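Structure first, then comments.
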Amino acid sequence: MEASSRSEFGPPIRHLIVVLGDQLDPRARPLIELDSARDCLWMAEVAEESTHVWSHKARSTLFLAAMRHFRDACRQAGRPLVYHRLGHHPHGSLAGALGADLARLRPERVILTQPGDHRVLQSLTRVCEAAGVPLEIREDAHFLVSLETFRHWAGRRKQTRLEHFYRHVREQLGVLMEDGQPAGGRWNFDTENRKPLPKTGPGMLPAPLGFEPDALTREAMADVERHFPDHPGSLRAFDWPITPEQARAALKDFFDLRLPAFGPYQDALWTGEPWLYHARISAALNLKLISPREVIEAAEAAWRDGRAPLASVEGFIRQVLGWREYVRGLYWQHMPEWLEWNALEAGEDLPGFYWTGETDMRCLAETLGQTLELGYAHHIQRLMVTGLFAQLLGVRPRALHEWYLAVYVDAVEWVELPNTLGMSQYADGGRMASKPYVASGQYIKRMSNYCEHCRYQPQEALGEQACPFTTLYWDFLDRHRARFSKHPRTALQWRNLDRLSPERLAAIRQKAQDIRTTLTGDRT
């Protein structure tokens, strides 16, 4: 244990306030209400948080570096803190470290802000019960919609859908509203926000603001390399914001240089351009280095001041106010059952190239390469490249979930799991999204230049140049015909399937099986 500002022989601790690695808000209520004479903060770096999934080195570094900067800020503010550094204590898990300190410190009560991970909540609840120490779980005020409010909203509906939730919350909070109506007369601007880049590409893009690792961050990087040398990913390009000040600087950089074009090109893909017009603040939001309210207010101000068009601002706010709050509500409503759902009965292993990036499919090689290098891919690369391929191939949903949780720096389970198991893989049978997001290689061709550099032809389902996405797409439609052919939002796709001759469809089935056998082994 690192030195604590509270003497081990001082007065009894009233409240031991647990701060998790994704709860680094210096203005959180438990910190503000802390009585330095009677209360104490508690934090721990443990190997389990990097090994329960095989975490990318950049993801582990981000958490450790941000936690250590938060630790030092707390101490400078005079807040008593017990802090366990990775490798400097014998405990491999949060529960183990906390249990030992409950026995040693004997606080009257443990205060825990609602975790972002059901696994962590369960383990810490059990250790407090075993120690006989009362545990008080506080609502996470970082979010704009409480879990109770979400449950009340969801309980009045037969189906939960993002669009209904998003409109409700905008009305309740008065975001992008004018005289009780949505700004611009529309709730969303999707039709303006799905454009591919011009054939000439994005041109000279301003590089997003990066942050040179300071001594504390370099120390965290060294610890990750020491303790997790065989983990995936690289730290060569690590420059993520890891303090509130850096998070605000990154947000300002996005608003100044990329927000105006974010809307129309948020779904676009381009070789060698991992960032395009995206914000790079999701990790800072998920670690609570910056608040969603601050982000939303700044975005709306950019529109009202004429610095960004409404379509771009609305598309950005929908990500923060809509999706982010929506998936959190669904996560806590459906856990832990969601982990086991597999509505489409997918049973294939995740292909090994997801961990290496070594594939001759250019779109996957590009997306996986940047993921392993940076710990980052934007939402369409995740949904319509890596996620789409896994969906078409029939990968076990939980295997893909664990991969996403491992490789992206912004991955915290409450936001990653619903997006993966719900929206991407349809493993929940439609509880989150009304239809599976499936497409052929033609979608990737339309939204990117990846196909120009690929040996496969996206319009082909058979033959030597057949695109695996396209082959597997038609096979997916065939395998799930009974489920979706009469679905009002998918019927057109399945009607197109009926145009294939029986002979062609049989050949596609065989080629799809050959792809599966090559990538995951023959399960027949």
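Being a predicted model, the structure only gives us computed values, none of them experimental. Throughout, residue positions are numbered sequentially from 1 according to the sequence presented.
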Taking everything shown except D230 itself, do over 12 heavy atoms lie less than 6.0 Å from its CG? yes
Modelled atom types, side-chain donor and acceptor of N419 and H379, under 3.5 Å: no
Here the salt bridge (Lys or Arg N to Asp or Glu O under 4.0 Å) pairs for residues 352-372, sequence neighbours left out, are D360-R455
Does T243 form a side chain to side chain contact (heavy atoms under 4.5 Å, CB included) with L289? I'd like the steps, not just the answer. CA-CA 6 Å; T243 67; L289 301 177; 5.9 Å; no
What verdict does the salt bridge (charged side-chain N to carboxylate O under 4.0 Å, His left out) test give for D256 and K252, after you've listed the backbone C-alpha separation in whole Å, the side-chain angles of each residue and the deciding distance to 0.1 Å? CA-CA 6 Å; D256 289 347; K252 183 178 185 302; 2.7 Å; yes
Would you say the side chains of T420 and R398 form a donor-acceptor pair under 3.5 Å? no
Determine whether more than 12 heavy atoms belonging to other residues, nucleotides or ligands lie under 6.0 Å from atom CZ of R293. no
Does a donor on one side chain and an acceptor on the other come within less than 3.5 Å for S55 and S50? no
Q381 side chain to T367 main-chain N or O, any donor-acceptor pair under 3.5 Å? no
Given 3.5 Å as the limit, does a donor-acceptor pair link the side chain of T470 with the main chain of P458, or not? yes
Side-chain donor-acceptor contact under 3.5 Å, T113 with D140: no
Shortest non-hydrogen contact between L209 and A250, atoms and distance: CD2-N, 4.2 Å
Counting N and O atoms only, with roles assigned by atom type, does the side chain of K57 sit under 3.5 Å from a partner on the main chain of P229, one being a donor and the other an acceptor? yes
Once salt bridge (charged side-chain N to carboxylate O under 4.0 Å, His left out) is applied, do any residues pair with E148, and if so which ones, sequence neighbours excluded? R151
Can you tell me how the ring of Y408 sits relative to the ring of Y404, calling it parallel under 30°, perpendicular over 60° and tilted otherwise? parallel
Could you grab the distance from atom CZ of R248 to atom CD1 of I290, nearest 0.5 Å is fine? 6.0 Å
Going by ring pair (Phe, Tyr, Trp, His ring centres under 6.0 Å), name the residues that satisfy it together with F189, two or more places apart in sequence or in a different chain. none
A quick test of your reading: do over 12 heavy atoms of other residues, nucleotides or ligands sit less than 6.0 Å from CZ of R29? no
Applying salt bridge (charged side-chain N to carboxylate O under 4.0 Å, His left out) to R324 and not counting sequence neighbours gives none
Nearest heavy-atom pair of C74 and L31: which atoms, and what distance? SG-CD2, 4.3 Å
Considering all heavy atoms of both residues, which atom of V145 and which atom of R328 are nearest to each other, and what is their separation? O-NH1, 3.6 Å
Without hydrogens or angle criteria, can the side chains of E413 and Y331 be said to hold a donor-acceptor pair below 3.5 Å? yes
Look at E452 together with K199 and state whether they make a salt bridge at an N to O cut-off of under 4.0 Å. no
Treating R71 as the side-chain partner and Y83 as the backbone partner, does any N or O pair qualify as donor plus acceptor under 3.5 Å? no
Can you tell me if N188 uses its side chain to pair, donor with acceptor, with the backbone of E314 under 3.5 Å? no
Classify the angle between the aromatic ring planes of W355 and W403 as parallel (below 30°), tilted (30 to 60°) or perpendicular (above 60°). perpendicular
Under 3.5 Å, is there a donor-acceptor pair between the side chain of S312 and the main chain of A308? no
Test side chain to side chain donor-acceptor pair (under 3.5 Å) applied to T51 - qualifying residues, sequence neighbours left out: none
Pairs flagged by ring-ring contact (aromatic ring centres under 6.0 Å, His included) wherever residues 198-227 is involved - sequence neighbours left out: none
Salt bridge (Lys or Arg N to Asp or Glu O under 4.0 Å) pairs, two or more places apart, involving residues 373-385: R236-E373, R382-D410
Rounded distance (nearest 0.5 Å) linking atom CG of L388 with atom CG of L472: 9.0 Å
Counting neighbours of NE2 on H164 that are heavy atoms of other residues, nucleotides or ligands and sit closer than 6.0 Å, is the number greater than 12? no
List the atom of A311, the atom of N193, and the distance in Å for their closest heavy-atom pair. O-ND2, 3.0 Å
Side chains of D214 and H69: do they bring a donor and an acceptor to under 3.5 Å? yes
Can you tell me which residue among R27, K288, Q23, Q114 is in a side-chain contact (heavy atoms from CB on, under 4.5 Å) with H142? K288
Identify all side-chain donor-acceptor contacts of residues 272-279 below 3.5 Å with residues at least two apart in sequence or on another chain.
{"from": "H278", "atom 1": "NE2", "to": "Q266", "atom 2": "O", "distance (Å)": "3.2"}

Value for CG (L144) from CG (L173), rounded to nearest 0.5 Å, stands at 6.0 Å
Taking the six-membered ring for Trp and the single ring otherwise, decide whether the centroids of W303 and F255 are under 6.0 Å apart. no
Would you check if the side chain of D223 reaches a backbone N or O of L86 as a donor-acceptor pair within less than 3.5 Å? no
Show which side-chain atoms of residues 429-446 pair as donor or acceptor with protein atoms under 3.5 Å away, not counting sequence neighbours.
{"from": "R431", "atom 1": "NH1", "to": "D428", "atom 2": "O", "distance (Å)": "2.6"}
{"from": "S434", "atom 1": "OG", "to": "R489", "atom 2": "NH1", "distance (Å)": "2.6"}
{"from": "S440", "atom 1": "OG", "to": "Q442", "atom 2": "N", "distance (Å)": "3.2"}

Pair R85, E219 - check salt bridge (charged side-chain N to carboxylate O under 4.0 Å, His left out), show working. CA-CA 11 Å; R85 178 178 163 182; E219 177 187 77; 3.6 Å; yes
Contacts of E337 that satisfy salt bridge (charged side-chain N to carboxylate O under 4.0 Å, His left out) - sequence neighbours left out: none
Check whether any side-chain N or O of D239 sits under 3.5 Å from a backbone N or O of E212 as a donor-acceptor pair, and report yes or no. no
Main chain of L112, side chain of R138: is a donor-acceptor contact present, judged purely on distance under 3.5 Å? no
Could you tell me whether W341 and H334 have their ring centroids closer than 6.0 angstrom? yes
Check: L94 main-chain N/O paired with H84 side-chain donor or acceptor under 3.5 Å: no
Kindly assign one of parallel, tilted or perpendicular to the pair W153 and F165, based on the angle between their ring planes and the thresholds 30° and 60°. perpendicular
If you measure from CZ on F63 to CD on E45, what distance do you get to the nearest 0.5 Å? 12.0 Å
Looking only at non-hydrogen atoms, find the nearest pair between V395 and P351 and report the distance. CG2-CD, 4.0 Å
What residues form a side chain to side chain donor-acceptor pair (under 3.5 Å) with Y354, not counting sequence neighbours? none
Does R186 come within less than 4.0 Å of E178, counting only side-chain N to carboxylate O? no
Measuring from R318:CZ to R167:CZ, what's the distance to the nearest 0.5 Å? 10.5 Å
Do we see a donor-acceptor contact under 3.5 Å between the side chains of Y166 and E325? no
Minimum heavy-atom distance L421-H401, with the two atoms named: CD2-CB, 3.7 Å
Non-neighbouring partners of R194 that pass salt bridge (charged side-chain N to carboxylate O under 4.0 Å, His left out), sequence neighbours left out: D190
